[in-house]
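Only one structure is covered here, and it is reproduced in the block below.
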Protein chains: 2
Amino acid sequence: MSRRPVDPRAARSRGIPEATVARLPVYHRALLALGESGVRTVSSEELATAAGVNSPKLRKDLSHLGSYGTRGVGYDVDYLIYQIARELGLTQDWAVVIVGVGNLGRALANYGGFAGRGFRIVGLVDADPARVGEQVAGVPVTHLGRLEGLVQSTRATIGVIAVPGPAAQQVCDRLIAAGVTSILNFAPVPLVVPAGVDVREVDLGVELQILAFHEQRKADAAVPALAAGR
Amino acid sequence: MSRRPVDPRAARSRGIPEATVARLPVYHRALLALGESGVRTVSSEELATAAGVNSPKLRKDLSHLGSYGTRGVGYDVDYLIYQIARELGLTQDWAVVIVGVGNLGRALANYGGFAGRGFRIVGLVDADPARVGEQVAGVPVTHLGRLEGLVQSTRATIGVIAVPGPAAQQVCDRLIAAGVTSILNFAPVPLVVPAGVDVREVDLGVELQILAFHEQRKADAAVPALAAGR
DNA sequence: AAGTGTGAATTGATTCACAGCC
DNA sequence: GGCTGTGAATCAATTCACACTT
């Protein structure tokens with residue numbers, strides 16, 4: 001994973017720290033909102049506040065893309081939106097297949113942020129024959145048996161897994177075999193994938209458990225005597 | 001944020017790094033699965049594989065909880081499940097209110113991992129009067145106007161926000177005013193909260209954009225000549 | 001005067017490698 | 001002999017503070 005040889009030509013984009021990449025989408029969205037309210041220029045302080053980070057971090061992050069600000073003035077909103085979008089690959093069109101048309105799959109299909117931000121849902125897939133033919137957010141549901149054909153004919157490279165845990169690895173394997181190279185996984189199992197395939201796990205249960213940990217610490221702090229006694 | 005005075009009695013739990021806390025739920029789930037398949041003892045190597053991490057990291061993580069393994073043998077599955085659950089606060093019962101009963105809210109309400117893992121959904125809230133009275137996963141939908149009363153009467157401390165972006169901050173403020181101290185936010189806006197309140201943002205759009213970034217890098221690597229020319 | 005861009009310092013996380021125990 | 005637990009070393013991310021530009 002870390003032994004990938006670094007192509008010197010790609011040095012700039014290669015050099016963007018992962019933590020920065022994860023924040024660029026947040027900056028992008030904050031800038032879009034600012035732009036819509038008519039703001040033409042922002043300081044790092046203002047943008048940082050809108051994005052929920054501190055300003056040195058924001059400046060350091062943006063410095064990895066290049067020098068797109070003006071000293072004494074700030075950043076041109078539209079120009080920065082474009083530069084971030086280009087860096088993230090949002091200026092091109094990504095074909096996305098969603099597997100699993102339960103409540104979560106429907107929520108994803110209807111999520112406003114996808115269409116119009118470079119992501120096009122080209123297929124919905126479900127194992128239940130009763131759902132096949134149905135349309136969700138204007139996209140017809142295809143049967144799981146036709147998964148490979150759908151991925152290949154649409155040239156989809158991003159797959160979203162919203163199926164029950166036990167089915168997830170198998171769906172993952174089939175998506176990859178058909179040509180998908182990036183996967184967003186909502187099933188509560190860690191997927192095993194070959195090198196070169198990226199996976200991001202989004203796990204609702206994990207998030208709640210992290211909150212519970214902090215919640216417990218607050219409770220302990222509030223009643224130290226009781227906590228010590230337990 | 002870092003100037004919180006450290007209570008020496010709480011030193012052990014205080015000392016658990018945030019990155020470790022975020023992985024404990026994953027270990028917990030992997031252990032539950034192993035236990036269900038009849039495994040009584042695991043080595044750090046086996047558990048690490050099941051959880052999708054490497055074994056030194058797993059051992060370091062577990063070492064923050066205490067010495068719960070046996071050298072030369074491994075970890076007792078049931079014992080470790082209990083210790084992690086206790087550390088995460090899963091041995092007690094957390095009352096959760098979900099605000100927003102769209103597809104995402106329904107998906108969350110039906111998510112199997114909540115009930116039976118220490119989380120109890122005590123209320124569903126929606127702004128649409130047509131949804132009020134309806135039951136989702138056995139829980140009745142309450143009108144947004146009764147949010148405060150619901151939180152107070154159920155003593156809920158965890159709130160899940162699954163409403164459209166523009167409504168999120170207001171819902172957040174009301175949850176906190178009513179007594180919620182931990183928030184899981186699915187709306188695509190960074191929430192502003194007072195000190196002492198924990199927020200975790202889960203952002204579907206952000207996750208896809210991170211994948212797009214890596215996808216673009218792969219595409220660049222595959223056709224270096226073209227990429228250089230663009 | 002205002003505000004970016006960035007080396008240097010710091011803090012945090014991961015990996016290494018091996019001492020210690022069963 | 002096998003495997004945990006952990007200091008030491010490495011690597012990554014964050015914060016600081018200020019030189020530099022408009």
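Protein chains get the first letters and strands the later ones, always in sequence-line order, with residue 1 at the start of each. Values below: all heavy atoms of this structure, side chains included; hydrogens, waters and symmetry mates excluded.
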Whole-Å distance separating the [atom1] atom of [X] from the [atom2] atom of [N]:
| X | N | atom1 | atom2 | result |
| --- | --- | --- | --- | --- |
| A:Glu18 | C:dT14 | CD | P | 13 Å |
| B:Ile16 | D:dT6 | CD1 | P | 13 Å |
| B:His64 | C:dA13 | NE2 | P | 9 Å |
| A:Lys60 | D:dA17 | NZ | P | 14 Å |
| B:Leu58 | D:dC3 | CG | C1' | 12 Å |
| A:Leu62 | C:dT6 | CG | C1' | 13 Å |
| A:Glu45 | C:dA2 | CD | P | 13 Å |
| A:Arg59 | C:dG7 | CZ | C1' | 14 Å |

Reckon [X] has a side-chain N or O less than 4.0 Å from the OP1 or OP2 of [N]?
| X | N | value |
| --- | --- | --- |
| A:Tyr75 | C:dA2 | no |
| A:Thr70 | D:dT22 | no |
| B:Ser44 | D:dT4 | yes |
| B:Asn54 | C:dT14 | no |

Do B:Arg71 and D:dT4 have a side chain to base donor-acceptor pair shorter than 3.5 Å? yes

Given that A:Lys57 and A:Val73 both sit by DNA chain D, which one's nearest nucleotide is further toward the 5' end? A:Lys57

Nearest to the side chain of B:Ser63, which nucleotide is it out of D:dT14, D:dC16, D:dG5?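 Among D:dT14, D:dC16, D:dG5, the one nearest the side chain of B:Ser63 is D:dG5.
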
Side chain of B:Ser43 (C-beta onward), nearest among D:dC16, D:dT4, C:dA13: D:dT4

Non-hydrogen side-chain atoms of A:Trp94 and B:Glu215 separated by less than 4.5 Å: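 Yes, at least one pair of side-chain atoms sits under 4.5 Å.
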
Student check: side-chain heavy atoms of B:Gln169 and B:Leu191 closer than 4.5 Å: yes

Evaluate whether atom CZ of B:Arg40 has more than 12 neighbouring non-hydrogen atoms of other residues, nucleotides or ligands under 6.0 angstrom away.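 No, because the 6.0 Å sphere around CZ of B:Arg40 holds 12 heavy atoms or fewer from other groups.
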
Would you please indicate if the ring centroids of A:Tyr75 and A:Tyr68 are separated by under 6.0 Å? no

Taking atom types as modelled, is there a side-chain donor on A:Asp76 or A:Thr41 under 3.5 Å from an acceptor on the other? no

